[in-house]
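Shown next, in structure tokens, is the structure this report addresses.
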Number of protein chains: 2
Amino acid sequence: MSKTAGNANVFTAIADPTRRAILDLLRQGEQPVKQIAQPFEMSLPAISQHLSVLCEAKLVTQRKEGRQRFYRLNPEPLKQVSDWVNHYEQFWQEKLDVLGNYLEDNS
Amino acid sequence: MSKTAGNANVFTAIADPTRRAILDLLRQGEQPVKQIAQPFEMSLPAISQHLSVLCEAKLVTQRKEGRQRFYRLNPEPLKQVSDWVNHYEQFWQEKLDVLGNYLEDNS
DNA sequence: ACAACAGTTAAGTATTTGCTTAACTAAAAA
DNA sequence: TTTTTAGTTAAGCAAATACTTAACTGTTGT
């Protein structure tokens with residue numbers, strides 16, 4: 001009941017470069033499918049399927065308007081990724097410098 | 001020559017939960033394969049294959065000692081992930097609170 | 001009513017993935 | 001030297017992925 005269930009895994013959702021690119025696009029704000037698809041050399045159904053995966057991982061939400069579907073970024077699940085990766089932060093150090101600079105600029 | 005080349009992709013390497021768990025283990029320090037494999041209900045070859053993937057993604061390095069192979073964490077490639085996910089940081093806010101607390105504790 | 005448009009769903013396919021068991025290589029112990 | 005021990009490599013397989021084209025649903029415009 002807990003094993004590989006529904007599988008709306010964030011990590012697998014962001015494993016695909018096309019899906020990451022879609023998320024990057026959506027940082028500019030919500031967009032209809034056709035506009036999302038435009039920069040990709042790929043059929044519309046392919047994009048639609050990627051959007052489904054992102055939807056199941058809750059990384060995007062849908063809004064229906066007329067015959068258009070606007071997709072909007074929902075970055076909250078990425079917190080999971082951020083939290084995980086931050087466990088490794090201490091190892092590469094640079095992050096701490098960034099914080100140091102912040103403190104310098106604000107002291 | 002640039003498309004889906006060698007495919008030593010960090011994002012796909014960390015997409016698998018077993019591989020993430022292995023990396024988590026290795027945060028405690030380098031370990032031989034048998035010890036790495038122990039907590040998993042999976043054959044040794046399966047673990048060996050996961051280690052290969054992590055190796056190709058440069059997330060671990062190998063050290064040979066006698067008949068043992070010690071694997072050691074190399075978290076640098078995770079910076080890629082951290083950098084990407086940090087583009088989304090502004091959206092979920094909590095990170096800023098953490099920084100806020102830090103500043104409070106050190107003012 | 002009907003054609004065009006926006007998008008999804010269905011069906012099929014080639015490739016990749018995550019495992020298995022069996023066979024192998026190399027070092028240590030007997 | 002023979003036998004464990006540690007681990008990788010090979011071969012095979014079922015399931016998942018990332019696409020494709022074709023068929024469908026629903027909305028808008030004529």
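Just so you know, these numbers use all the heavy atoms, side chains as well, and skip hydrogens, waters and symmetry mates. Chain letters run A, B, ... following the sequence lines, proteins first, then strands; residues in each count from 1. Please read all numbers here as calculations on a predicted model, not as lab measurements.
At whole-Å resolution of the value, CE in B/Met42 and P in C/dT17 are 16 Å apart. Atom CD in A/Glu56 sits roughly 13 Å away from atom P in C/dT8 (whole-Å rounding). Protein atom CZ of B/Arg63 is 16 Å distant from nucleotide atom P of D/dA6, rounded to whole Å. Taking atom CD of B/Glu41 as the reference point, atom C1' of C/dG18 lies 16 Å away to the nearest angstrom. Taking atom CD1 of B/Ile36 as the reference point, atom C1' of D/dG7 lies 11 Å away to the nearest angstrom. The nearest whole Å value for the distance from the NZ atom in B/Lys34 to the P atom in D/dT8 is 13 Å. Note: CZ (A/Phe70) to P (C/dA6) measures 11 Å, nearest angstrom. Per the geometry, CZ belonging to A/Phe40 stands 17 Å off C1' belonging to C/dG7, to the nearest Å.
Put simply, B/Arg69 has no side-chain N or O that comes within less than 4.0 Å of OP1 or OP2 on C/dA26.
A/Pro77 pairs by the side chain to side chain contact (heavy atoms under 4.5 Å, CB included) definition with A/Val10, A/Lys58, A/Leu59, A/Asn74, not counting sequence neighbours. With sequence neighbours excluded, the residues forming a side-chain hydrogen bond (donor to acceptor under 3.5 Å, both in side chains) with B/Gln62 are B/Tyr71, listed by chain and number. Contacts of B/Arg19 classified as side-chain hydrogen bond (donor to acceptor under 3.5 Å, both in side chains), with partners at least two apart in sequence or in another chain: B/His50. Every side chain to side chain contact (heavy atoms under 4.5 Å, CB included) that B/Ala21 has, sequence neighbours left out, goes to B/Phe40. Looking at residues two or more places apart in sequence or on another chain, you find a side chain to side chain contact (heavy atoms under 4.5 Å, CB included) between B/Pro45 and B/Ser43, B/Gln49. The ring-ring contact (aromatic ring centres under 6.0 Å, His included) check on B/Phe11 picks up B/Trp84, with sequence neighbours excluded. With sequence neighbours excluded, the residues that form a side chain to side chain contact (heavy atoms under 4.5 Å, CB included) with A/Glu65 are A/Arg63, A/Phe70.
Near DNA chain D, defined here as any heavy-atom distance below 4.0 Å, the residues from residues 44-54 of chain A are A/Pro45, A/Ala46, A/Gln49, A/His50, listed numerically.
Residue-level contact check: A/Gln35 touches neither bases nor backbone, having no heavy atom under 4.0 Å from any strand. Across all strands shown, A/Tyr71 has heavy atoms under 4.0 Å from sugar-phosphate atoms exclusively, and none from any base.
Of the candidate nucleotides D/dA18, C/dC19, C/dG7, C/dG7 has the atom nearest to the side chain of A/Gln68.
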Original post:
Where do B/Leu54 and B/Leu26 land on the side chain to side chain contact (heavy atoms under 4.5 Å, CB included) test, with the steps shown first?
Top reply: CA-CA 12 Å; B/Leu54 292 172; B/Leu26 291 179; 5.7 Å; no

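Within the 3.5 Å criterion, the main-chain N or O of A/Leu25 finds a donor-acceptor partner in the side chain of A/Gln31. A donor-acceptor pair under 3.5 Å is formed between the side chain of A/Arg20 and the backbone N or O of A/Ile14.
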Subject >> Summary of protein contacts for nucleotides 24-30 of chain D, nucleotide by nucleotide, where a base hit scores B, a sugar-phosphate-only hit scores S (4.0 Å, heavy atoms) >> reply: --BBB--

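When all heavy atoms of A/Val60 and A/Cys55 are compared, the pair lying nearest together is CG2-N, 3.6 Å.
Axis deviation across the helix from C/dA1-D/dT30 to C/dA30-D/dT1 amounts to 10°, comparing end segments of five pairs, rounded to 10 degrees.
Residues B/Asn86 and B/Glu89 are in side-chain contact: their nearest non-hydrogen atoms beyond the backbone lie under 4.5 Å apart.
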